[in-house]
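What follows is one structure encoded as structure tokens, with my remarks underneath.
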Amino acid sequence: ELVSLIRPKPNSTILGARIKLSAYNFAGKPKGKGLRYIIKTKMGEPPVLFSQVDTRHDEDILKNRLENEGYFIPEVISKVHEDKHRKVKVEYIVNLGKPYTIKKVIFPSKDSSINKRIYATRKESLLIPGHQYNLDTLKLERERINADLKEEGFYYFSADNIIFKADTTAGDHQVDIYVLIKNKTPLKMTRSYTIHNIFVFADHTLFQDSFKVKPDTVMVQGYYYISNSNVFRPEIIVGSIFLQKDSVYNSEDFDITLNRLMRLGIYKFVNIQFKDLDTTKKTGLLDSYIYLTPLTTKTIKLDFRMVSKSDNFAGPLVNVSLKDRNVFHGAETLTFNVNGSIETILSGKGHGLTSSTIGGNVELAVPRFITPFVTFNPPTKFVPKTEFKLGFQKLIEIQYYDLNTYSFSAGYKWNQTERIEHIFNPIVINFLKLGNTSSLFDTILKNNISLKRSFATQFVIGSYYSYIYNIR
């Protein structure tokens with residue numbers, strides 16, 4: 001680890017030989033951009049000169065790293081060795097000594113609301129008596145305390161206002177660590193804030209006055225819901241807001257609200273702002289303003305491509321998709337897909353054989369769990385979905401048969417984390433039925449009982465569960 005801190009790096013070696021340096025010297029001073037220029041600039045490596053080495057600076061860097069890891073009085077000296085070939089070797093000699101360990105951690109006295117909250121987090125502290133002192137651990141501890149305070153109403157607080165005082169007078173290479181708030185921390189950073197009023201602007205626009213006429217304002221479940229178009233059902237939108245009136249500000253509620261609103265799929269931008277009411281009370285008050293800029297709800301997509309398969313079938317494929325992101329005014333997404341293809345064997349065995357497909361499906365995604373008995377809205381940043389899918393596909397082997405496939409499924413999709421997704425369809429129905437057949441195909445089926453069974457009418461009912469782990 002210490003070696004990686006030393007600068008500059010020596011010339012690289014391959015099996016002990018400095019091949020890149022040799023290539024650089026071999027190329028000399030190229031006159032143009034020919035072979036020598038390529039060797040020098042692409043394959044070569046300029047020599048690292050001793051004049052570039054600052055041993056005093058390197059010593060300070062090494063000492064600093066060792067002090068950060070608990071070796072408070074390290075000795076670092078450098079020695080320069082030069083051989084007869086004008087090559088220089090710099091040797092750094094490090095005497096670590098005994099590392100300092102944490103004897104005890106002293107949290108602030110409970111003389112203020114913020115100190116009282118910091119004191120309450122002591123059991124979750126990353127600073128553990130007996131463990132070696134480490135600056136990186138102190139930084140993580142500071143972020144931990146800051147995150148906890150942000151969940152307990154301290155809206156303006158910043159991790160930079162937390163400092164640590166290390167007292168080495170404990171003796172026997174032990175250190176007492178004091179957790180402190182800076183004396184000059186602004187008053188508002190030490191106050192806990194409560195959410196007062198919450199205003200939801202449901203169809204805000206960015207570059208013009210959103211409300212050319214006076215918008216309708218209604219009170220929905222404690223939220224001021226402001227809309228000029230009433231495109232969305234208010235109870236659906238506020239159901240994705242986890243900031244609550246008269247509750248202590250919580251950064252986790254803020255993050256969940258921001259993510260849930262964005263993942264409804266109906267908003268292009270979500271902007272949440274807070275206004276300090278600047279009261280004289282011990283606990284501050286914040287008004288919250290939630291600005292929602294909608295996406296275009298209806299879209300159409302045309303996909304055309306040429307397909308070539310390994311079995312020599314080739315031909316065009318067309319898919320048309322119609323999507324309505326707000327079909328029932330509750331952020332429900334209704335998608336119609338219609339597709340068709342025609343494929344022909346262009347060469348080789350079966351030349352001229354043609355098949356085609358035509359079909360489509362309808363998908364309805366509702367951004368909440370729909371259950372027969374209970375309604376619940378888990379407080380996560382991921383939007384749970386109830387999905388219904390109905391599909392039809394017709395395969396036409398022009399010289400042989402038509403095959404019709406019908407499908408229906410109903411179920412749920414939700415994310416546990418960014419990487420883990422669950423899909424559970426308690427109802428999955430598939431129906432397959434052979435349609436028109438040619439006399440040639442009838443003869444083939446008559447002479448092949450196993451093939452005939454494979455084309456028998458099938459009606460299958462089941463359930464489906466999928467656990468998806470995304471490694472990206």
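Between Trp414 and His422, the two ring planes are parallel [angle under 30°; tilted spans 30° to 60°]. Ring geometry for Tyr291 versus Tyr289: interplanar angle under 30°, hence parallel rather than tilted (30 to 60°). Aromatic ring orientation, Phe254 versus Phe274: tilted (interplanar angle from 30° to 60°).
At least one donor-acceptor pair under 3.5 Å links the side chain of Glu141 to the backbone N or O of Leu126. Panel note: side chain Asn146, backbone Arg142; no donor-acceptor pair is recorded below 3.5 Å. Asp203 places no side-chain N or O within 3.5 Å of a backbone atom of Leu292 that could act as its donor or acceptor partner. With hydrogens and angles disregarded, no donor-acceptor distance shorter than 3.5 Å links the side chain of Gln132 to the backbone of Gly70. Judged purely by atom type and a 3.5 angstrom limit, Arg419 uses its side chain to pair as donor or acceptor with the backbone of Ile471. At distances below 3.5 Å, at least one donor-acceptor pair connects side-chain atoms of Thr417 with backbone N or O atoms of Ile420. Between the side chain of Asn425 and the main chain of Val428, no donor-acceptor pair closer than 3.5 Å is present. Without hydrogens or angle criteria, Asn326 side chain to Ala331 main chain gives a donor-acceptor distance under 3.5 Å. Distance alone, capped at 3.5 Å, places no donor-acceptor pair between the Thr357 side chain and the Ile342 backbone. Looking only at distances, no side-chain donor or acceptor of Lys433 sits under 3.5 Å from a matching main-chain atom of Gln458.
Between Tyr193 and Phe154, the ring centre distance reaches or exceeds 6.0 Å. Between Phe232 and Tyr267, the distance separating the two ring centers is shorter than 6.0 angstrom. Between Tyr401 and Phe455, the distance separating the two ring centers is shorter than 6.0 angstrom.
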Begin from the C-alpha positions of Lys150 and Tyr155 and carry the test side chain to side chain contact (heavy atoms under 4.5 Å, CB included) through to its verdict. CA-CA 6 Å; Lys150 285 292 177 63; Tyr155 173 72; 5.9 Å; no
Report the C-alpha separation of Glu363 and Lys323 in whole Å, then their side-chain angles, then the decisive distance to 0.1 Å, and conclude whether the salt bridge (charged side-chain N to carboxylate O under 4.0 Å, His left out) test is met. CA-CA 9 Å; Glu363 300 180 7; Lys323 180 179 290 187; over 6 Å; no
Let's go through Arg117 and Thr121 carefully: what are the C-alpha distance in whole Å and the side-chain angles of both, what is the deciding distance for side chain to side chain contact (heavy atoms under 4.5 Å, CB included) to 0.1 Å, and is it a yes or a no? CA-CA 7 Å; Arg117 183 59 216 171; Thr121 71; 4.0 Å; yes
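The line from CD1 of Ile145 to OG of Ser125 is 6.5 Å long, rounded to the nearest 0.5 Å. Atom OG in Ser341 sits 5.0 Å away from atom CG in Leu317 (nearest 0.5 Å). In this structure, Asp324 CG and Ile300 CD1 are separated by 12.5 Å, a value rounded to the nearest 0.5 Å. Here the NZ atom belonging to Lys389 is positioned 10.0 Å from the CG atom belonging to Asn337, to the nearest 0.5 angstrom. One finds the CG atom of Leu285 at 6.5 Å from the OG1 atom of Thr194 (value rounded to the nearest 0.5 Å). Between His196 atom NE2 and Leu277 atom CG the span is 6.0 Å, to the nearest 0.5 Å.
Lys188 has no carboxylate O lying under 4.0 Å from a charged side-chain N of Asp276, or vice versa, which leaves the two without a salt bridge. Between Glu45 and Lys40 no salt bridge is recorded (no basic side-chain N to carboxylate O distance below 4.0 Å). Between Asp303 and Arg305 a salt bridge is recorded (basic side-chain N to carboxylate O distance below 4.0 Å). Taking a cutoff of 4.0 Å between a charged side-chain nitrogen and a carboxylate oxygen, Lys385 and Glu387 do not qualify as a salt bridge.
Scored by the salt bridge (Lys or Arg N to Asp or Glu O under 4.0 Å) test, Glu418 finds Arg263, Lys381 as partners (sequence neighbours excluded).
Geometrically, Arg191 does not engage Phe157 in a cation-pi contact, judged by NZ or CZ lying under 6.0 Å from the ring centre and within 45° of the ring axis. For Arg122 and Tyr119, the positive end sits near the middle of the six-membered ring, less than 6.0 Å away and at most 45° from its axis.
The ring pair (Phe, Tyr, Trp, His ring centres under 6.0 Å) analysis of residues 301-338, with sequence neighbours excluded, yields no pairs. Screening residues 240-253 for side chain to side chain donor-acceptor pair (under 3.5 Å), with sequence neighbours left out, gives Asn197-Lys245.
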